[in-house]
2 protein chains.
Amino acid sequence: MTSSPSRPRSRRERPAKPALSHEAIVAAAVRVLEAEGLPRVTMRRLAQELDTGPASLYVYVANAAELHAAILEEYLGEVDLSPVTAAGDWRERLAAVLDSCTGVLLRHPALAHAALVARPSGPHYLALVEAVLALLHEGGVPDGQAAWGVDVLLQVATATAAEQSARQGEQAEREQAALTDALRAAPAATYPRIAALGDDLVSGAPEERLSWMFRAVVNGTRTTPRPA
Amino acid sequence: MTSSPSRPRSRRERPAKPALSHEAIVAAAVRVLEAEGLPRVTMRRLAQELDTGPASLYVYVANAAELHAAILEEYLGEVDLSPVTAAGDWRERLAAVLDSCTGVLLRHPALAHAALVARPSGPHYLALVEAVLALLHEGGVPDGQAAWGVDVLLQVATATAAEQSARQGEQAEREQAALTDALRAAPAATYPRIAALGDDLVSGAPEERLSWMFRAVVNGTRTTPRPA
DNA sequence: ACCTGAACACCGTTCAAGT
DNA sequence: ACCTGAACACCGTTCAAGT
């Protein structure tokens, strides 16, 4: 955000050469992500966006992985935490927070994938952990179980988004079809339970399944004591 | 490593130019994976290993992602399914199968990561699904819940391995330390629950936590009815 | 002291041209 | 018909050299 050195304009089309900084790089990354998708968020593309060479970015960012984590932190701020203080059943409000989290990750597919690799530790991530812990506490879940349960819950939210987002495009649809076919064609002699359950294995809308998953994991967290 | 064209040998050090096939490519991939790690399992490296150009591989493999899925299928054959027919508590035997699955994925780190992206559908994967279903059935878990539960269980096994394997190397250790610090330093005013739980959030050995996770998800699967 | 051009060592995938 | 050399369009990261 440098000022134009010649004549000032009330509204410039684009800042000629914004000063480099960690913040500016993350902002550029978000811009490119929104406009061109995460595969294009590369050090080189970002350098181009910031009108410099790729080497310059390494003054502010350790590597590409750290950058991905920073982008993730940024987006975690979009998770709707209002259900924490809303009225209603704590389970439903917890599911709402987790649904929002999955939704944010799904909105920018490959981001979810980054979420599994990079462990964030910024304020937005902490706020999300706090929200889940607060709702588990409200539901009377013992502290020790809540402490470990928050991990599984966020993992399910993240992994589901990562899976879903990976299964986009024609190739992934063929893979999904291959799995459905393989399950249906599984011989009852070798795979009796698969045969017995049949289409039930792939039944239900994704949201329905995800919602059940969250409830199941919450119930498990509530009822499973930690080892002594 | 070409064979000498002059005199024949009873035992060549290495086949001069193995015939190309999907099988041969996967075998070469496993070889390179074991010797050099997954980052080196690239189309180009494999082509070199098979003494040809990268373009030739595309006659037998659609793309790099499909190849990763094939490698994963291969390794899933190493999962120990013997607990299915062993004696003892079904929960413990189910945990043993899932532990073995996580173990296989952890043995070759980045493989787990591929497992989240590529949905396999080969016989080894089906056998794993069958094993989990059989044990849930033995435990009296209703069919519908088992059908959806197997997804969460394998997801937890996979995601845990992916997380763990991503957290290797110096950089990842610093990230983990940053998270621990951030949790400890979280001000009680903004993050009361995090502050209340303290070190409990990062307590326990990884295996202990994983074992608890499996038990919690199994319990949740057993007790959470599917929507009508 | 701070920044970066240019290079190093790679990628996946395609396609025209060979056998 | 089957295979592939060479090219296209990229990567992340480093470091010597500039200002």
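Labels below follow one simple rule: chain letters A, B, ... track the order of the sequence lines, proteins then strands, and each chain is numbered from 1.
Distance A/Tyr58 OH to D/dC11 C1': 10 Å, rounded to the nearest Å. If you take CD of A/Gln48 and C1' of D/dC11, they are 14 Å apart, rounded to a whole angstrom. Between B/Glu66 atom CD and C/dG12 atom C1' the separation is 14 Å, expressed in whole Å. Remark: P of D/dC11 and CZ of B/Arg45 are 25 Å apart, rounded to the nearest angstrom. If you measure from atom CG of B/Leu46 to atom P of C/dT13, you get 13 Å, rounded to the nearest angstrom. Put simply, CG on B/Leu57 is 17 Å from P on D/dC2, counting in whole angstrom units. Put simply, CG on A/Leu20 is 16 Å from C1' on C/dA1, counting in whole angstrom units. The interatomic distance linking B/Arg40 (CZ) with C/dG12 (P) rounds to 11 Å, in whole Å.
If you check C/dT13, D/dT13, C/dC3 against the side chain of A/Asn63, the one that comes closest is D/dT13. Checking C/dC11, C/dT4, D/dG5 against every side-chain atom of A/Val59, the shortest atom distance belongs to C/dT4. Closest to the side chain of A/Ser56, from the set C/dC3, D/dT13, C/dG12, is C/dC3. Side chain of A/Ala55, nearest nucleotide from D/dT4, D/dT13, C/dT4: C/dT4.
Although no hydrogens or angles enter the test, the distance criterion places no donor-acceptor pair under 3.5 Å between the side chain of A/Thr190 and the main chain of A/Ala186. Judged purely by atom type and a 3.5 angstrom limit, A/Glu130 uses its side chain to pair as donor or acceptor with the backbone of B/Ile194.
Nucleotide D/dC8 forms a Watson-Crick or G-U wobble pair with C/dG12, both donor-acceptor distances falling under 3.5 Å. In a base pair of the Watson-Crick type (N1 to N3 plus N6-O4 or O6-N4) or a G-U wobble (N1-O2 and O6-N3), with each distance short of 3.5 Å, C/dC2 is matched with D/dG18.
A/Ser203 and B/Trp148 share a side-chain donor-acceptor pair at under 3.5 Å. With hydrogens and angles left out, the side-chain atoms of A/Thr102 and A/Asp99 include no donor and acceptor closer than 3.5 Å.
Residue-to-nucleotide proximity on DNA chain C shows that, of A/Tyr60 and A/Arg44, the 5′-proximal contact is made by A/Tyr60.
The separation of D/dC10 from C/dA9, taken at their P atoms, amounts to 22 Å, rounded to a whole angstrom.
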Next on the checklist: For a side chain to side chain contact (heavy atoms under 4.5 Å, CB included) check, start with the C-alpha distance between A/His124 and A/Val79, then their side-chain angles and the critical distance, and finish with the verdict.
Outcome noted: CA-CA 9 Å; A/His124 291 143; A/Val79 176; over 6 Å; no
